[in-house]
Structures are given as structure tokens and as C-alpha cells.
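Have a look at the structure below, then the notes.
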Amino acid sequence: MPTALITGITGQDGLYLAEFLLAKGYDVHGVIRGQNNPKRDLVERLLPDVRLHNGDLTDMSSLIRALRDSDPDEVYNLGAVSFVAYSWENAQLTTDVTAKGVLNMLEAVRLHTGDQPEGVRFYQASSSEMFGKVQEVPQHERTLLWPRSPYGVSKVFGHYMTINYRESYGMHASSGILFNHESPRRGPEFVTRKISEAVARIKLGLQDELVLGNLDAERDWGFAGDYVEAMWLMLQQPSADDYVIATGEAHSIRDFLDAAFAHIGVDDWTPYVRQDPRFMRPAEVDHLIGDASKAREVLGWKPKVSFRELVALMVDADLAATQQGW
């Protein structure tokens, strides 16, 4: 039975990845920050077979302990301060966790493996936000990185540090440059979930207005449950490498609104949506669309859930959750 250790297990990707690995027969361990983490109960309820270890990406000694106690074959570093808007308000914390946390995890793994650097296979969660002010369309593994937020800059640091540990120490360390991936488990602060929750509440007569920022920004949206399979596939390869994971389709916020409101039978959403400059980014990322041909060719990966299926899945989940809360 292979063993995996996941940082960021309380997040959307961590939950889906843990479920995926458990179904494959893995012994799954997770690093969770704080003794009284409010999401501990969620993980224990959804994933009773996962063993949790207290740890923090800013504290290398706790990561070394988690590695010692779990003795994993694979490490998935998903932990980060991952809300882009928050990173402008808290650039230092974002850097400490999302950038330096990668270094701490890589170094902890290097120390744990000793003279067998490939003994633990390492996955780093890189991000399409690294492309920022995009230099070509679509973006692939060789596209110049031009991040436009403290979060994006932090992800670039972690990405290149992963490459450096692979090249300098011989570690089996791969990065997945994942484009936007969503699900009903996405946090309510993210625009996609903000829309699906609001649309559900509007359908049920509990809300009459949705306030958003830029409606013209375009993203390559996929289903998080599809994307965790790509993470696993990377660590099954004989050689470590970096891969863009994306659908190859770009949709604007307006497109997301079209699909979400259409799912509840509303053709014209303009009476329900208001724009507010407070929700505009200081430096916008306008157009992200990924070229995942390398992942298709090498990993045999492709997305299964379409854009409209994803939007419908999220709206239906929020309708059910809202009705259960009555």
C-alpha cells in the first residue's frame, strides 16, 4: 500500500485528492494547521480513513515530524494562502506561506530522504496566476511568467524552487501549472462560488442582488475533481517534469453568469448583478487559457467535466445546501 502526505488537505483540492488516493488504496495522511482548525471536523467527517498531523508550512520542524510519522512515498504540497485578492492586503503572510512554505517543504523532504533523493516523489501546486500579464495565448510550460499579484509572485518562487531542487539534488519533484479549477467545495470568497451561491439564493427568493467586480476577465475553468487525477499521474512518471493542466477553453465572468442564471431559468441576469470598483483587482489578469497538450501526450490526461456541466454542478450543490439549511 503506497503512502501519501498532503499539505492543504482541508482545501478543495486536498479533499478531492485524498478521496482519489483512498479509492486507489493509498494510506493517506494530511498536514493540518492548528490544534483547533475549524476545518478539522470536515476532514474527519468526509475522510475518516485519513490520518492528520499538526503542522505548518512556516515551521519546518513540524513538517519534518509529519514526514517522519507518515513516511510517505508521495508528497503533495497543496497548502497556500490561495485567495489572490487577500494577497495584496497581506503580501508578507502570503509570501511566508505560499513562497517560503514550498522551500520549507522541499528541504524537509530532502532531509527526510537522505542519500535517496528520489525516494519520495514531490508534487508542487503551481498556478496559472504565474502567467499574469500573459505574453502569449494560449499559455504553455515554456511561456514567460509575468505575475501580477503577491500570490502570483509567491507561486513563481515555489515553482522555480521546485525545479531547482529537482535539478540540484536529484529529487523527483514535479509542478502542476493548474489553471482555474472549481467545484462545490470552492471557498465562498472565490468569484465562481460567490456566483453559484448567489444564484441559488436568488432562485429561492433569499437574495435579490449580486455584487461583482470585473465581468470581462477570462479564465480557463475546469473541475477540481478532474485536476487531482493529473497531480497523481505526474508522480507516476519515471522522470519528474512540469505540466500545464487546463481545458483549453476561455470563458468570461459574463459567460459564467449566463450559464449559472440559465440553469435556474433566468435569461437576463442584468437586473440582479451590480458592479462595484471595490472588487476590481489593482492589477488585473485579463485572459488566461492553457495549452495542456503535453499533459495529454505524456500523462494521457484530459478533462471530463465541461464548463456548463461544472456551473450546473455548483449551482445545484448550492441549491441543495441552502434548502437543507432552512
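Hydrogens, waters and symmetry mates are skipped; everything else that's a heavy atom, side chains included, is used. For reference, positions follow the sequence shown, starting with 1.
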Hey, could you give me each pair passing ring-ring contact (aromatic ring centres under 6.0 Å, His included) that has a residue in [range]? Not counting sequence neighbours.
| range | result |
| --- | --- |
| residues 174-216 | F83-F190, F131-F179, H181-Y227 |
| residues 197-218 | none |
| residues 93-115 | none |

| If you measure only the distance, is there a donor-acceptor pair under 3.5 Å linking the side chains of Y272 and Q207? |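 Judged by distance alone, the side chains do not pair up.
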| said: What verdict does the salt bridge (charged side-chain N to carboxylate O under 4.0 Å, His left out) test give for R201 and D318, after you've listed the backbone C-alpha separation in whole Å, the side-chain angles of each residue and the deciding distance to 0.1 Å? | reply: CA-CA 8 Å; R201 290 177 60 81; D318 279 321; over 6 Å; no
| field | side-chain hydrogen bond (donor to acceptor under 3.5 Å, both in side chains) partners for T95, two or more places apart | value |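 With sequence neighbours excluded, T95 shows a side-chain hydrogen bond (donor to acceptor under 3.5 Å, both in side chains) to no residue whatsoever.
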| query | With sequence neighbours excluded, what pairs up with K194 under the side-chain hydrogen bond (donor to acceptor under 3.5 Å, both in side chains) test? | reply |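 Checked K194 against side-chain hydrogen bond (donor to acceptor under 3.5 Å, both in side chains); zero matches.
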Separation of [Y] [atom2] from [X] [atom1] (nearest 0.5 Å):
| X | Y | atom1 | atom2 | answer |
| --- | --- | --- | --- | --- |
| H287 | Q139 | NE2 | CD | 7.0 Å |
| L78 | Y16 | CG | OH | 14.0 Å |
| E44 | K39 | CD | NZ | 14.5 Å |
| N104 | K100 | CG | NZ | 8.0 Å |

| In terms of the angle between their ring planes, are F307 and H251 parallel, tilted or perpendicular, with boundaries placed at 30° and 60°? |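 Ring orientation, 0 to 90° scale: parallel.
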| query | What class does the angle between the rings of F256 and W221 fall in, given that below 30° is parallel, 30 to 60° is tilted and above 60° is perpendicular? | reply |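 Taking W221 first and then F256, their aromatic rings stand perpendicular (interplane angle over 60°).
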| field | Results of side-chain contact (heavy atoms from CB on, under 4.5 Å) for E118 - residues two or more places apart only | value |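 For E118 the side-chain contact (heavy atoms from CB on, under 4.5 Å) partners, ignoring immediate neighbours, are H172.
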| field | Set of residues satisfying side-chain contact (heavy atoms from CB on, under 4.5 Å) with respect to E229, sequence neighbours excluded | value |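 Expected list: F20, L233, W301, K304.
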| query | Which atoms form the tightest heavy-atom contact between L21 and A4, and what is the distance? | reply |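 Scanning both residues completely, I find the closest heavy atoms to be CD1-CB, 3.7 Å.
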| message | Can you list, by chain and residue number, the hydrophobic cluster partners of W146 when the side-chain cut-off is 4.5 Å? | response |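 When side chains under 4.5 Å apart are linked, the cluster holding W146 also contains L144.
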| With ILVMFWY side chains joined below 4.5 Å, transitively, what does L111's cluster contain besides itself? |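 M60, I64, which link up through side-chain heavy atoms under 4.5 Å apart, make up the rest of the cluster.
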| query | Residues two or more places apart in sequence or in another chain: which of them pass salt bridge (Lys or Arg N to Asp or Glu O under 4.0 Å) with K203? | reply |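 Testing K203 for salt bridge (Lys or Arg N to Asp or Glu O under 4.0 Å), a comparison that skips the adjacent residues, returns none.
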| Qualifying residues under salt bridge (Lys or Arg N to Asp or Glu O under 4.0 Å), relative to E249, sequence neighbours excluded |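 Result, salt bridge (Lys or Arg N to Asp or Glu O under 4.0 Å) vs E249: none returned.
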| How would you list all residue pairs meeting side-chain hydrogen bond (donor to acceptor under 3.5 Å, both in side chains) that involve residues 306-315, not counting sequence neighbours? |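 side-chain hydrogen bond (donor to acceptor under 3.5 Å, both in side chains) check on residues 306-315 returns S306-E309.
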